[in-house]
Enquirer: 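Before anything else, here's the structure in question.
Below, all heavy atoms of this structure are taken into account, side chains as well, without hydrogens, waters or symmetry copies. The model shown is predicted, which means the values in this text are computed figures rather than measured ones.
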Amino acid sequence: MRKYMVFVTLTVCITILSGCGKRGSGSMEAESRVQIAESQVQTSEQEAGKTELGKAGSGEPESEELMFEESGIQESKPEDPAIVEVDWSGYFDRLTATAVLYDTGKKQYRIYNPELAEERHSPCSTFKIVSALTGLENGIVTPDNSTRIWSGERFWNEDWNRDIDFPEAFRVSCVWYFRQLIDDIGKEAMAEELERLEYGNQDISDWEGRLNTNNHNRALTGFWLESSLKISPVEQVQVMERIFGVNSLYSPGTVEQLKQVMKVTDYETSMLVYGKTGMGKAEGKTVDAWFTGFAQTEEGPVYFCVRLGESEGDEPTSGKAKEIAVRILSDEY
């Protein structure tokens, strides 16, 4: 449009100038008209420039879209994964539950009870995946130096009443071991890691876990145990992909060490399954029972999370969450 206006105005000028050659006595009048025409050209150019600057300043996308159209380039947008609601109620009987599977090959989420899948709850011992990851990545835990010395305090779980190294502490979910590890990592580094992973509400304000009403032993409490930190099942699945996916944020050595301790060996399956359980109580009742991780299938990795909540029927346990997750994975793949 701008080029067209300039062309028309210049055409008028040329016509006027041609007329000046024929009308010698009217040369002053012709010059005046030329000056007016030139002024109109400058004004049109200035107004067109202001219009373009105004569009750029307002953040309107018209000029960018026009540029793509003129060059023949189409702006590519990544396709969002499909979300499919499924009925897996037969796996859960009377349990209040949700399950999320993300199939990377199909780019598809399959979700049982979507509303519950979006609710945030305490991650409990599933958070050991993140604390272990952070400890390994920052050299706080190393294969040659991972044993921590037992204080001599007697805990309810006999497997915790001894000196213990990292692989065994992960296997038996030793809370006092990971309480020490998280203290060694520190608040600043832990906050940075949760932000990097986009982990739930990222709230570690109750560092010592004093909000936990079910346990007052500070060796067995923390922000991840029925306290300030919360995460949803959908977010658990997304965090698993950020750790173990093709675009992992972490070094291959760290990821491999973590996979070794997460490998499921107590169930026979046609695929490799990696995961971590977690369970939390409030006022003596189990309110959270988790199993989250990923499975390596022939079609590619499938990230999963099963969470059982407080139920009027059967008692939710992390063992049940694990069993159900493996059954779903086996049936689906």
Enquirer: Quick one: name the residues clustered hydrophobically with Ile328, using the 4.5 Å side-chain heavy-atom rule over I, L, V, M, F, W, Y, and just say none if it's on its own.
Expert: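 Direct or chained contacts put Ile328 with Val84, Val86, Trp88, Tyr91, Phe92, Leu95, Leu101, Tyr112, Val264, Tyr267, Met271, Val273, Phe291, Val302, Phe304, Val306, Leu308, Ile324, Val326, Leu329, Tyr333.
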Enquirer: Sequence neighbours excluded, which residues qualify as side chain to side chain donor-acceptor pair (under 3.5 Å) partners of Asp93?
Expert: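 Testing Asp93 for side chain to side chain donor-acceptor pair (under 3.5 Å), a comparison that skips the adjacent residues, returns none.
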Enquirer: Output every pair passing side chain to side chain donor-acceptor pair (under 3.5 Å) with a member in residues 121-131, not counting sequence neighbours, ordered by first then second residue.
Expert: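 Listed once each, the pairs are Glu119-His121, His121-Arg307, Ser125-Lys128, Ser125-Ser173, Thr126-Gln236, Lys128-Ser173.
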Enquirer: Filter on salt bridge (charged side-chain N to carboxylate O under 4.0 Å, His left out), then keep only pairs touching residues 208-232, sequence neighbours left out; what's left?
Expert: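 Applying salt bridge (charged side-chain N to carboxylate O under 4.0 Å, His left out) to every pair that reaches into residues 208-232, excluding sequence neighbours, yields Glu208-Arg210.
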Enquirer: Using only atom types and a distance under 3.5 Å, with no angle test, would you say the side chain of Asp206 pairs donor to acceptor with the backbone of Phe223?
Expert: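 No; zero donor-acceptor contacts below 3.5 Å.
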Enquirer: Under the rule for ring-ring contact (aromatic ring centres under 6.0 Å, His included), what residues qualify as partners of Phe166, not counting sequence neighbours?
Expert: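 Here no residue qualifies.
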Enquirer: What verdict does the ring-ring contact (aromatic ring centres under 6.0 Å, His included) test give for Phe178 and Phe127, after you've listed the backbone C-alpha separation in whole Å, the side-chain angles of each residue and the deciding distance to 0.1 Å?
Expert: CA-CA 10 Å; Phe178 283 89; Phe127 189 71; 9.5 Å; no
Enquirer: Does Ile129 share a hydrophobic cluster with Leu272, counting links as ILVMFWY side-chain heavy atoms below 4.5 Å and allowing steps through other members?
Expert: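 Yes, Ile129 connects to Leu272 through the hydrophobic network.
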Enquirer: In chain order, what residues pass the side chain to side chain donor-acceptor pair (under 3.5 Å) check against Thr286, with sequence neighbours excluded?
Expert: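 If we apply the side chain to side chain donor-acceptor pair (under 3.5 Å) test to Thr286, skipping adjacent residues, the hits are Glu315.
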Enquirer: Who passes salt bridge (charged side-chain N to carboxylate O under 4.0 Å, His left out) against Arg110, sequence neighbours left out?
Expert: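 Testing Arg110 for salt bridge (charged side-chain N to carboxylate O under 4.0 Å, His left out), a comparison that skips the adjacent residues, returns Asp103, Glu332.
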Enquirer: Whether the side chain of Asn113 engages the backbone of Ala97 through a donor-acceptor N/O pair (distance < 3.5 Å, no angle test) should be reported.
Expert: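 Yes; judged by distance alone, with no hydrogens or angles, the pair exists.
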Enquirer: Considering only residues two or more places apart or on different chains, which pairs with a residue in residues 246-257 satisfy side chain to side chain donor-acceptor pair (under 3.5 Å)?
Expert: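 For residues 246-257: Glu137-Ser251, Glu137-Thr254, Glu193-Tyr250, Ser251-Thr254.
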Enquirer: With sequence neighbours excluded, what pairs up with Asp163 under the side-chain contact (heavy atoms from CB on, under 4.5 Å) test?
Expert: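 For Asp163 the side-chain contact (heavy atoms from CB on, under 4.5 Å) partners, ignoring immediate neighbours, are Thr147, Ile149, Trp150.
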Enquirer: Please, which pairs that meet side chain to side chain donor-acceptor pair (under 3.5 Å) have at least one residue in residues 181-192, sequence neighbours excluded?
Expert: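 Sorted result for residues 181-192: Arg148-Asp184, Arg179-Asp183, Asp183-Trp207.
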Enquirer: Provide the full list of salt bridge (charged side-chain N to carboxylate O under 4.0 Å, His left out) pairs with a residue in residues 259-274, sequence neighbours left out, each pair given once.
Expert: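 Counting only pairs at least two positions apart or across chains, the salt bridge (charged side-chain N to carboxylate O under 4.0 Å, His left out) contacts touching residues 259-274 are Asp266-Lys322.
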Enquirer: Tell me the salt bridge (charged side-chain N to carboxylate O under 4.0 Å, His left out) pairs involving residues 151-162, sequence neighbours left out?
Expert: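 Of all non-adjacent pairs touching residues 151-162, those that pass salt bridge (charged side-chain N to carboxylate O under 4.0 Å, His left out) are Arg154-Glu158, Arg162-Glu168.
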